[in-house]
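What follows is one structure encoded as structure tokens, with my remarks underneath.
Side-chain atoms are counted along with the backbone in the values below, which use heavy atoms only and exclude waters and symmetry mates. So that the names make sense, note that chain A is the first sequence line, chain B the second, and so on, each numbered from 1.
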Number of protein chains: 2
Amino acid sequence: MRTVEAALALLDEVGLDALTMRRLAEAMDVRAGALYRYFATKHELLTAMAEVLLADCLERPLSSPDWSERLAELARRMRTALLGRRDGARVYAGTHATGAHTLGFADALIGVLREAGFAADAAARAALTLVNFILGHTLEEQAALQGAADEGPADPDLLRAAVTPGQYPHLAAALPVLTSTDFTAHFEFGLGLLLQGLRALGPGSTSPGTGG
Amino acid sequence: MRTVEAALALLDEVGLDALTMRRLAEAMDVRAGALYRYFATKHELLTAMAEVLLADCLERPLSSPDWSERLAELARRMRTALLGRRDGARVYAGTHATGAHTLGFADALIGVLREAGFAADAAARAALTLVNFILGHTLEEQAALQGAADEGPADPDLLRAAVTPGQYPHLAAALPVLTSTDFTAHFEFGLGLLLQGLRALGPGSTSPGTGG
DNA sequence: ACCTGAACACCGTTCAAGT
DNA sequence: ACCTGAACACCGTTCAAGT
């Protein structure tokens with residue numbers, strides 16, 4: 001669809017908040033009403049855009065035979081895909097795409113887990129957890145990146161100013177890490193935690209439980 | 001702030017998409033322009049609302065002495081808080097609150113981890129991971145709940161229709177779990193995974209790594 | 001000090017009418 | 001079959017002027 005390509009290009013240029021049907025129409029040398037011949041609503045267009053976001057995730061084969069490394073690779077690809085376009089995480093979070101890329105990616109995640117020996121429901125829930133973490137993380141990461149581009153005090157500065165000495169002792173000690181812009185390190189930590197949990201849970205189980 | 005209370009009440013009534021400055025003003029028997037005497041922008045108002053969302057998270061003391069159970073309890077409280085108001089997760093995800101409730105909650109999370117023996121940076125990153133997961137999960141959960149209330153085919157039906165037999169074998173096997181509405185089970189699975197990962201990582205470490 | 005009235009510069013969406 | 005023109009019913013935000 002030429003409309004979706006144009007919309008993604010405009011998204012990179014102006015961001016989600018400024019991506020309007022009128023502005024997209026202008027970029028395509030057409031009147032806004034014409035867009036509704038292909039998409040019934042703006043939300044439908046956004047859903048189509050979300051689908052395309054994940055297009056590159058399954059192009060190359062996975063490089064490792066180890067299931068936890070394969071899972072990590074898929075997770076990294078999804079993060080990279082969402083970060084690849086301005087406000088990509090927000091676009092994806094705001095829609096519920098059910099196209100070939102999204103379904104293929106979910107199938108791949110669950111497939112790796114099933115081949116590793118996890119039961120169908122454990123594999124499905126682990127995949128959901130992974131995707132929810134990736135979405136939450138990339139949402140934060142892109143918000144932090146574009147927040148720095150906006151006017152006004154950046155988020156780390158706001159945080160440093162708000163953490164009054166003595167009032168939040170643990171937060172104060174963690175400030176250097178929390179205000180760090182090494183989001184890859186944050187992502188790898190969280191991903192590692194989930195993989196560690198899956199290894200500890202072990203294939204064959206059906207629930208991790210929460211007890212000690 | 002009476003404005004924030006009125007805004008939260010209106011949010012529950014009409015949802016985030018219909019929460020406009022004009023409509024809020026009408027509910028408060030005032031003209032829209034008057035709201036700008038207290039909040040410079042709508043986003044600023046939403047940030048204040050996000051702060052209030054977490055108000056109940058630290059009211060009662062934690063019931064268990066076990067650090068992983070304490071962490072789980074905090075996580076469950078944040079989920080409950082976000083689910084407590086219509087579109088709560090979307091409101092929270094769209095802002096970057098730095099008020100007493102948000103900071104106090106972050107401090108509590110990190111505090112539990114530090115008292116368990118984790119280093120400052122591991123504690124901070126684990127807290128970020130936890131919050132990102134909770135946000136991603138509640139975003140999905142509320143989207144699914146309100147999606148069912150809208151017109152048109154619900155999300156599970158769309159998924160069932162899209163998963164053509166044979167094309168996504170793993171997804172097909174996982175469909176019963178993926179379309180289940182027992183979001184508490186999904187949440188507890190993901191939470192358990194993260195806690196398991198933290199236990200396996202063990203206090204004293206600084207990074208989980210991703211290798212086997 | 002606080003609010004109104006009125007405007008500015010936009011939105012998403014619809015639909016008769018044109019070609 | 002596809003697009004335009006024009007409208008409908010809204011938005012967030014600003015600001016002189018009132019009280």
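For B/Met21 and C/dC11, the CE to P distance is 19 Å, given to the nearest whole Å. Between A/Asp29 atom CG and D/dC2 atom P there is a gap of 18 Å when expressed in whole angstrom units. In this structure, A/Phe39 atom CZ and C/dT14 atom C1' are separated by 18 Å, rounded to whole Å. Regarding B/Asp17, its CG atom lies at a distance of 15 Å from the P atom of D/dC10, rounded to whole Å. Remark: C1' of D/dT4 and CE of A/Met28 are 15 Å apart, rounded to the nearest angstrom. Atom pair B/Arg23:CZ and C/dC11:P shows a separation of 22 Å (rounding to whole Å applied). In this structure, NE2 of A/His43 is placed 19 Å from P of C/dC11, rounded to the nearest angstrom. Across the protein-nucleic acid pair, B/Leu24 atom CG and D/dC10 atom P stand 17 Å apart, rounded to whole Å.
With A/Thr102 contributing its side chain and A/Thr98 its backbone, the two residues share no donor-acceptor pair below 3.5 Å. Of the possible donor and acceptor atoms, one in the side chain of A/Asp182 sits under 3.5 Å from a partner among the backbone N and O of A/Ala185.
Separation of the B/Phe183 and B/His186 ring centroids falls under the 6.0 Å cut-off.
Comparing A/Thr20 and A/Ala34 by the nucleotide of DNA chain C that holds the closest heavy atom to each, the one mapping nearer the 5' end is A/Thr20. Two residues, A/Gly33 and B/Ala32, neighbour DNA chain D, and the one matched to the more 5' nucleotide by heavy-atom proximity is A/Gly33.
Taking the side chain of A/Val30 as heavy atoms from C-beta on, and the options D/dC3, D/dG12, C/dC2, the nearest nucleotide is D/dC3. Of all nucleotides listed (D/dT14, C/dG12, D/dC2), D/dT14 comes nearest to the side chain of B/Tyr36. Minimum atom distance to the side chain of A/Arg31 is reached by D/dT4, of the listed D/dT4, C/dT14, C/dT4. Considering only the side chain of B/Lys42, D/dG12 comes nearest among D/dG12, C/dC3, D/dC3. In this structure, the nucleotide among D/dT13, D/dG12, C/dG12 sitting nearest to the side chain of B/Thr41 is D/dT13.
Between B/Phe118 and B/Trp67, the ring planes lie perpendicular to each other; the angle is over 60°, past the 30° to 60° tilted range.
For A/Glu44, the CD atom counts as densely surrounded, since its 6.0 Å shell holds more than 12 non-hydrogen atoms of other residues, nucleotides or ligands.
Residue A/Tyr38 places at least one side-chain N or O under 4.0 Å from the OP1 or OP2 atom of D/dC3.
Under the Watson-Crick or G-U wobble criterion, with both distances below 3.5 Å, C/dC8 is paired with D/dG12. With a cut-off of 3.5 Å on both Watson-Crick or G-U wobble distances, the partner of D/dA17 is given as none. Using the Watson-Crick or G-U wobble rule with both distances under 3.5 Å, C/dC3 pairs with nothing in any strand shown.
Taking atom P in both C/dA9 and D/dA9, one finds a spacing of 23 Å when rounded to whole Å.
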